[in-house]
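The figures here come from the full heavy-atom set of this structure, side chains too, leaving out hydrogens, waters and symmetry mates. Because the structure is predicted, anything quoted here is derived from the model rather than measured. Below, read A as the first sequence line, B as the second, and so on, with proteins coming before strands; counting in each chain starts at 1.
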There are 2 protein chains.
Amino acid sequence: MKSQMASRRRSRDPLTRERVLDTAVALADQSGIESLSMRKLAMELGFGAMALYKHVANKEDMLDAMVDVIFNEMALPPTEVPWREAMRRRALSAREVLSRHPWAIGLTDSRMKPGPANLHHHDAVLGCLRRAGFSVALAIHAYSTLDSYIYGFALQEQSLPFDNPDEVGDVAETMLEGFPVDTYPYLAETIVAHLNRADWEFGDEFERGLDLILDGLERLLKD
Amino acid sequence: MKSQMASRRRSRDPLTRERVLDTAVALADQSGIESLSMRKLAMELGFGAMALYKHVANKEDMLDAMVDVIFNEMALPPTEVPWREAMRRRALSAREVLSRHPWAIGLTDSRMKPGPANLHHHDAVLGCLRRAGFSVALAIHAYSTLDSYIYGFALQEQSLPFDNPDEVGDVAETMLEGFPVDTYPYLAETIVAHLNRADWEFGDEFERGLDLILDGLERLLKD
DNA sequence: TTGACAAGCGTACGCTGTACACCGTAGCGT
DNA sequence: ACGCTACGGTGTACAGCGTACGCTTGTCAA
């Protein structure tokens, strides 16, 4: 009789921190971080709002933990390949994860408290570089440059005014109508150029820039 | 008699959109964007909360406009110097502005509506590159790579756990106490290395990475 | 059996953004 | 000179937010 009751509500298994965080991430993915409220999250889980606070100190703490959850999704640099390929794979994975969870990027705002997954990731990346012969200073430099690029690209990608490649043409057209071509001649030129290349994907730029940076780092390492 | 009254309150001159935006930026700079509320902003200006809405459609609109205000602060690439130097100066200016207004970085979240200053800036940068001989595709590539780096660096800088170079030593020490050295050996190594270099500034990394990217772009341009 | 403890609930408080009705004044057409 | 309109600023009100606090209930140890 008790077990019959248990299956009435889809979420009547007990609440856990993990379940809270995973659901919060899912909700943020589908509706945006700004619309994620404790009440809605609790309702989604089938509990009262205050139940969450038994598993999470407060919303700040929850957001920090959510960031660590998505850090956990990013692939560590594989150890069995040369540093350049390892860094490349990690970067691609990081970008992919960040574009699945775009809200995580802006969340670093004043969020200067790294979680364990974050620390572990940092350690793995630094280790990969050090073992490949990078000095401590050069490893920091490489890391800083690569991560700046990765996060920055994700940030830009997220704020593009289109969501998928098909829309590029439409957006370009409406933009051209909107503003005077002679005020922004180069911008206009660029947009027109993309009207004719329906196959263009902003995402492809990522690997080109990444390789440019990796080339530079390789050169620095050789000296 | 009227003019005597006029000087009673420091803000009794009429409200303008510009005054609203400037004060909002100042308030965000000093107390963080998350504590910027319409009521507090209005009070700072010496008006009722709803008075703001005569000059700003809503908070979203205001935030968009604030971003454009800080875009206006960033130096355009100068036209009288070669492209590489022009890009370099623009990048340094952009970073400086973003580090004075850190809240602006995270604000691009879903803020895919560029203001006029933003568009003008884009146009100037693209123009600088095109005039220097970059093809449209290469100009986009260069722009995307540089801006990703600039924004990403600002993002990272903002989320560092220290606010000025003097604190680096202290933070490093407390971090080392906090976590097991053998769990994060490379991280620990890196921290220790910085304990001994009190003169290190994360900001210096910016120019090194920037030059690395500019080197790469120069090579691409030559082909 | 008792007693402690943990999980979840309900209510309430102070804060937020902003819709709406209202008012005084400046400027304009007549 | 008169009246009208439009505009800038105000006050109130409402729904939604994060969360402090006290309560109930179920579980397990002693």
K.L.:
Does OP1 or OP2 of D:dG9 have a side-chain N or O of B:H55 closer than 4.0 Å?
P.N.:
yes
K.L.:
In Å, rounded to the nearest 0.5 Å, how long is the span from CD of A:E189 to CZ of B:R130?
P.N.:
4.0 Å
K.L.:
Using the six-membered ring of B:F206, assess whether NZ or CZ of B:R95 lies under 6.0 Å from its centre and within 45 degrees of the ring axis.
P.N.:
yes
K.L.:
Given the rule in the ring-ring contact (aromatic ring centres under 6.0 Å, His included) test, do B:H122 and A:Y184 qualify, once you have shown the distances and angles that lead to the verdict?
P.N.:
CA-CA 9 Å; B:H122 285 2; A:Y184 307 123; 9.6 Å; no
K.L.:
Could you tell me how far apart A:L52 (CG) and C:dC9 (C1') are, to the nearest whole angstrom?
P.N.:
12 Å
K.L.:
Give the rounded distance in Å between these two atoms: CG of A:L45 and C1' of C:dA7.
P.N.:
14 Å
K.L.:
Taking the six-membered ring for Trp, is the centroid-to-centroid distance between B:F202 and B:F153 below 6.0 Å?
P.N.:
yes
K.L.:
Just how far, in rounded Å, is P of D:dC7 from CZ of B:R17?
P.N.:
16 Å
K.L.:
Quickly work out the A:F47 CZ to D:dT25 C1' distance and round it to whole Å.
P.N.:
14 Å
K.L.:
Taking only residues at least two apart or on different chains, which pairs with a member in residues 57-76 of chain B satisfy ring-ring contact (aromatic ring centres under 6.0 Å, His included)?
P.N.:
B:F71-B:H121
K.L.:
How about B:S148 and A:Q156: does a side-chain donor come under 3.5 Å of a side-chain acceptor?
P.N.:
yes
K.L.:
Using a cut-off of 4.0 Å between protein heavy atoms and nucleotide atoms, how would you tag nucleotides 11-22 of chain C 5' to 3' with B, S and -?
P.N.:
-B---BBBBB--
